[in-house]
Amino acid sequence: MAKFSYLPENKRYKIIHLKEEGYSMRQIAAKVPCGLSTVEHSLWTIKDWEKVIFSDESQFCISGNQSSAYVRRRTHEEFSPQCLKPTVKYPTKVMVWGCMFSHGVGRLHIVSGTVKAMDYNEILQNKLLPTARDIFGNQSWIFKDDNAPCHRATAIQKWLKDHTVNRMNWSGQSTDLNPIENLWFKIGYEISKKKTLKQT
């Protein structure tokens with residue numbers, strides 16, 4: 001999972017203040033300091049963010065437990081069954097692509113193997129577009145994905161242009177502030193709880 005950081009309020013207010021004084025985005029980015037996309041998106045309203053569909057891929061461990069467990073025990077209890085945690089040598093994992101927006105979630109796609117440009121093209125066609133039509137109808141919307149190589153392939157760029165999909169401008173090496181990361185964390189947590197219940 002990605003580590004999260006956020007734009008502190010004092011930085012956000014400084015950006016807004018500099019914008020009101022007439023500074024350009026580039027000048028603000030140099031003065032604050034931060035990236036151009038940070039400057040742009042810190043000026044967005046709630047209405048602006050409600051037009052965004054966030055997407056990402058994530059992998060979940062379905063069988064076996066990938067997390068560490070800490071056990072308090074006495075010196076002579078190292079092999080006691082209540083102090084041991086069974087492991088699975090080759091746990092079952094599943095990779096998924098999903099999307100979400102301000103009022104809920106969109107379609108989920110189970111990915112076989114790794115996501116390549118052609119796979120991503122199919123996902124966008126069969127999952128993203130129907131979700132966007134359901135949510136926004138004919139209204140404009142903005143698509144936010146991370147900057148994975150398959151998302152930047154020429155075929156994907158062409159597909160997005162052909163389908164008039166507006167992509168959120170976000171630099172490749174910037175902090176991942178995609179809120180879908182919180183959803184993935186919650187799903188992973190719920191899966192781990194279910195596995196714990198089955199084991200007891």
Side-chain angles (χ1 to χ4, degrees), residues 1-7 35-63 92-195:
M1 292 285 162
K3 289 196 172 187
F4 300 106
S5 69
Y6 64 95
L7 187 67
L36 282 173
S37 59
T38 303
V39 173
E40 178 187 347
H41 298 114
S42 67
L43 300 171
W44 278 23
T45 65
I46 292 171
K47 288 279 185 206
D48 293 326
W49 286 108
E50 286 178 347
K51 295 177 184 175
V52 179
I53 296 178
F54 300 92
S55 79
D56 197 15
E57 299 87 19
S58 189
Q59 183 171 288
F60 299 101
C61 183
I62 303 301
S63 70
T92 304
K93 296 179 182 178
V94 64
M95 171 81 88
V96 298
W97 175 93
C99 61
M100 64 177 275
F101 54 103
S102 63
H103 294 90
V105 296
R107 290 167 173 79
L108 188 71
H109 179 79
I110 297 174
V111 177
S112 56
T114 57
V115 181
K116 300 202 173 34
M118 292 312 296
D119 304 319
Y120 195 58
N121 195 325
E122 186 179 314
I123 291 168
L124 295 177
Q125 182 69 43
N126 299 327
K127 303 297 178 179
L128 176 68
L129 279 186
T131 297
R133 281 189 213 110
D134 292 349
I135 301 164
F136 299 108
N138 292 328
Q139 297 175 14
S140 66
W141 51 281
I142 299 167
F143 179 53
K144 164 74 173 91
D145 59 6
D146 58 11
N147 286 305
C150 68
H151 301 170
R152 298 291 172 242
T154 306
I156 299 303
Q157 301 296 328
K158 182 181 180 327
W159 186 94
L160 292 168
K161 186 177 181 183
D162 291 348
H163 291 82
T164 61
V165 174
N166 297 320
R167 178 184 260 155
M168 181 181 280
N169 180 24
W170 202 265
S171 50
Q173 298 300 315
S174 65
T175 308
D176 188 358
L177 297 177
N178 194 337
I180 202 168
E181 296 292 344
N182 299 315
L183 178 62
W184 295 147
F185 176 80
K186 177 71 173 157
I187 291 170
Y189 177 73
E190 292 298 325
I191 290 171
S192 70
K193 277 189 354 187
K194 297 259 190 258
K195 288 189 295 188

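In this chain, residues are counted from 1 in sequence order.
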Nearest 0.5 Å please: distance from the [atom1] atom of [X] over to the [atom2] atom of [Y].
X      : Y      : atom1 : atom2 : value
Gln139 : Arg133 : CD    : CZ    : 15.0 Å
Lys144 : Asp56  : NZ    : CG    : 8.0 Å
Asn121 : Asn126 : CG    : CG    : 9.0 Å
His151 : Asp146 : NE2   : CG    : 5.0 Å
Phe143 : Leu160 : CZ    : CG    : 7.0 Å
Leu108 : Lys127 : CG    : NZ    : 7.5 Å

Quick check: closest heavy atoms across [X] and [Y], and the distance to 0.1 Å?
X      : Y      : value
Ile156 : Ala117 : CD1-O, 3.3 Å
Pro130 : Gln125 : CD-O, 3.4 Å
Ile180 : Gly98  : CD1-O, 3.4 Å
Val111 : Val115 : CG1-CG2, 3.6 Å

Mind checking whether [X] and [Y] have side chains closer than 4.5 Å, heavy atoms only?
X      : Y      : value
Tyr120 : Trp159 : no
Trp49  : Ser102 : no
His109 : Glu57  : no
Trp44  : Val52  : yes
Asn182 : Met100 : no
Leu129 : Leu124 : no

Worksheet item: Can you tell me if NZ on Lys51 sees more than 12 non-hydrogen neighbours from other groups inside 6.0 Å?
Response: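 No, NZ of Lys51 has 12 or fewer neighbouring heavy atoms, counting only those of other groups under 6.0 Å.
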Fill in: Partner residues of Lys186 under the side chain to side chain donor-acceptor pair (under 3.5 Å) criterion, sequence neighbours left out
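Side chain to side chain donor-acceptor pair (under 3.5 Å) check on Lys186 returns Glu190.
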Worksheet entry | Pairs flagged by salt bridge (charged side-chain N to carboxylate O under 4.0 Å, His left out) wherever residues 115-126 is involved - sequence neighbours left out |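 Checked against salt bridge (charged side-chain N to carboxylate O under 4.0 Å, His left out) - neighbours excluded - no pair reaches residues 115-126.
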Discussion item. For Ile187 and Phe60: C-alpha separation, side-chain torsions, deciding distance, then whether side-chain contact (heavy atoms from CB on, under 4.5 Å) applies.
Written reply: CA-CA 8 Å; Ile187 291 170; Phe60 299 101; 3.7 Å; yes
Worksheet item: Is a donor on one side and an acceptor on the other found under 3.5 Å between the side chain of Asn178 and the backbone of Ser55?
Response: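 Yes.
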Item to complete: Evaluate side-chain hydrogen bond (donor to acceptor under 3.5 Å, both in side chains) for Thr131 paired with Asp134, printing each intermediate quantity in order.
Response: CA-CA 5 Å; Thr131 297; Asp134 292 349; 5.6 Å; no
